[in-house]
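Side chains included, hydrogens not; waters and symmetry mates left out as well; all remaining heavy atoms used. To find a chain, count down the sequence lines: A is the first, B the second, and so on, and within it residues start at 1.
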2 protein chains.
Amino acid sequence: MASTGELVPGTLEMLILKTLSLGSLHGYGIAQHIHRLSDEALTVEEGSLYPALQRMLAKGWVAAEWKQTPTKRRARYYRLTAAGRKQLGVESSAFERAMRAITRVMRATES
Amino acid sequence: MASTGELVPGTLEMLILKTLSLGSLHGYGIAQHIHRLSDEALTVEEGSLYPALQRMLAKGWVAAEWKQTPTKRRARYYRLTAAGRKQLGVESSAFERAMRAITRVMRATES
DNA sequence: GGTCAACCCATAGAGCATCTATATATGGCC
DNA sequence: GGCCATATATAGATGCTCTATGGGTTGACC
């Protein structure tokens, strides 16, 4: 979607944290959620999603547990930890500040 | 500012294109312009700026010319080409779409 | 006339996030 | 039995940004 590929780099983990803040979900479900809520504008590739989840597990922002889906398949459910919830706050406010700053530059007119 | 460091990755070239759309400027001036317009929120490092300008020269989005600054120093002035102006349009509308999409996801509440 | 701040360009190398491609496996449907 | 949607995961490549440098000029102040 943005420069290199589909997503704006640096926003993936924030979007995952936000998604999980609404409830536990497995990886595939996370991707679907983001895709649907963004009106199909954002597509999270599997090769981006799972590495991101591994990073976030390592940082303690999410915890994982193997469960059965409603459709009887085995899936790994991720949930937000306290640290993850805190991180969501940090990232989303930093993102908002950055967006406002970029918007200011992009709105400038000829002096 | 964002994830890795200061800028939201993928937005630097767009910010440079936008800055040059207001008039020719040398590298140093571009960095100052972005810094000032963003209320000091965005700082473009020289190690990011000059490689970006080289990439953009190679892609034909900008053209460069050595001139004298008002302060009597020799500086390389960059200006937007027609292709660069077109690219600015492409990137800024893609960016806006992405921002709207991200905002939709970030505003979601518990079902 | 020395030195310091501000001005100005540029590259090398590292780090990190994302993408492409691939591998594996199950359940439901026809 | 074959196909599609569901589901997880890694390897390798790519590309952008940052850190760390290096060089050089001008003007002002002491």
Side-chain angles (χ1 to χ4, degrees), chain A residues 1-17 24-36 42-59 61-62 64-78 91 94-95 98 102, chain B residues 1-17 24-36 42-59 61-62 64-78 91 94-95 98 102:
Chain A
M1 189 83 272
S3 62
T4 321
E6 190 74 29
L7 284 164
V8 178
T11 61
L12 177 57
E13 296 190 359
M14 181 181 76
L15 292 170
I16 294 173
L17 288 170
S24 295
L25 214 52
H26 49 77
Y28 193 85
I30 294 170
Q32 299 262 306
H33 173 89
I34 293 173
H35 189 65
R36 244 184 298 113
L42 304 177
T43 301
V44 180
E45 304 295 335
E46 306 185 335
S48 309
L49 176 64
Y50 291 105
L53 286 169
Q54 300 302 319
R55 288 196 300 272
M56 295 165 78
L57 272 172
K59 287 183 275 198
W61 297 344
V62 300
E65 192 184 356
W66 287 97
K67 285 189 190 174
Q68 285 257 325
T69 65
T71 55
K72 304 261 169 83
R73 276 194 213 81
R74 119 189 196 291
R76 203 173 181 190
Y77 277 79
Y78 296 88
E91 287 196 26
F95 181 75
I102 291 174
Chain B
M1 189 84 271
S3 61
T4 322
E6 189 74 30
L7 287 164
V8 177
T11 60
L12 177 58
E13 296 190 359
M14 180 182 75
L15 293 170
I16 294 172
L17 289 171
S24 295
L25 215 51
H26 49 74
Y28 193 84
I30 295 171
Q32 299 262 306
H33 172 89
I34 293 174
H35 189 65
R36 244 184 298 112
L42 305 177
T43 300
V44 180
E45 305 294 334
E46 303 188 337
S48 308
L49 176 64
Y50 291 105
L53 286 170
Q54 299 302 320
R55 286 196 300 272
M56 294 164 78
L57 272 172
K59 286 183 275 197
W61 297 345
V62 299
E65 192 185 355
W66 287 96
K67 286 188 191 173
Q68 284 255 325
T69 66
T71 56
K72 306 256 167 85
R73 276 194 214 80
R74 121 188 193 292
R76 201 172 185 192
Y77 277 79
Y78 296 87
E91 288 196 25
F95 182 75
I102 292 174

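- B/Tyr77 pairs by the ring pair (Phe, Tyr, Trp, His ring centres under 6.0 Å) definition with B/His26, not counting sequence neighbours.
- Protein atom CG of B/Leu17 is 13 Å distant from nucleotide atom P of D/dC16, rounded to whole Å.
- Side-chain contact between B/Ile102 and A/Met14 is present, with heavy atoms from C-beta onward closer than 4.5 Å.
- When the P atom of C/dC19 is taken as reference, atom CG of A/Leu7 falls 5 Å away, rounded to whole Å.
- A heavy-atom distance below 4.0 Å to DNA chain C is reached by these residues of residues 47-56 of chain B, ordered by number: B/Gly47, B/Tyr50, B/Pro51, B/Gln54.
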Polar pairs (N or O, both sides) under 3.5 Å between protein and nucleotides 25-29 of chain D?
from   : atom 1 : to      : atom 2 : distance (Å)
D/dT25 : O2     : B/Arg73 : NE     : 3.1
D/dT26 : O4'    : B/Arg73 : NE     : 3.3
D/dT26 : O2     : B/Arg73 : NH2    : 3.3

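- Evaluation of the ring pair (Phe, Tyr, Trp, His ring centres under 6.0 Å) rule for B/Tyr50 yields no partner, not counting sequence neighbours.
- Sorted by first and then second residue, the salt bridge (Lys or Arg N to Asp or Glu O under 4.0 Å) pairs involving residues 45-55 of chain A (not counting sequence neighbours) are A/Glu13-A/Arg55.
- Note: CD (B/Glu13) to P (D/dT17) measures 7 Å, nearest angstrom.
- Distance CD (A/Gln32) to C1' (D/dT6): 8 Å, rounded to an integer number of Å.
- Nucleic acid contact for A/Tyr78: sugar-phosphate only, since backbone atoms but no base atoms lie under 4.0 Å from a heavy atom of the residue.
- Distance, B/Glu46 CD to D/dG22 C1': 11 Å, rounded to whole Å.
- Side-chain contact between A/Leu25 and A/Gln32 is absent, with no heavy atoms from C-beta onward closer than 4.5 Å.
- For the pair B/Arg76 CZ and C/dC8 C1', the computed distance is 12 Å after rounding to whole Å.
- By the side chain to side chain donor-acceptor pair (under 3.5 Å) test, A/Thr69 is found to be paired with A/Thr71, residues two or more places apart in sequence or in another chain being considered.
- Atom-to-atom, OH of B/Tyr28 to P of D/dG24 comes out at 19 Å; the value is rounded to the nearest Å.
- Counting to the nearest Å, the P atom of D/dC16 and the CG atom of B/Leu15 are 15 Å from each other.
- Taking 4.5 Å as the limit, some side-chain heavy atom of B/Val8 sits within range of a side-chain heavy atom of A/Val8.
- No side-chain heavy atom of A/Val44 sits less than 4.5 Å from a side-chain heavy atom of A/Ile16.
- Residues that satisfy the side-chain contact (heavy atoms from CB on, under 4.5 Å) test with A/Glu65, not counting sequence neighbours, are A/Lys67.
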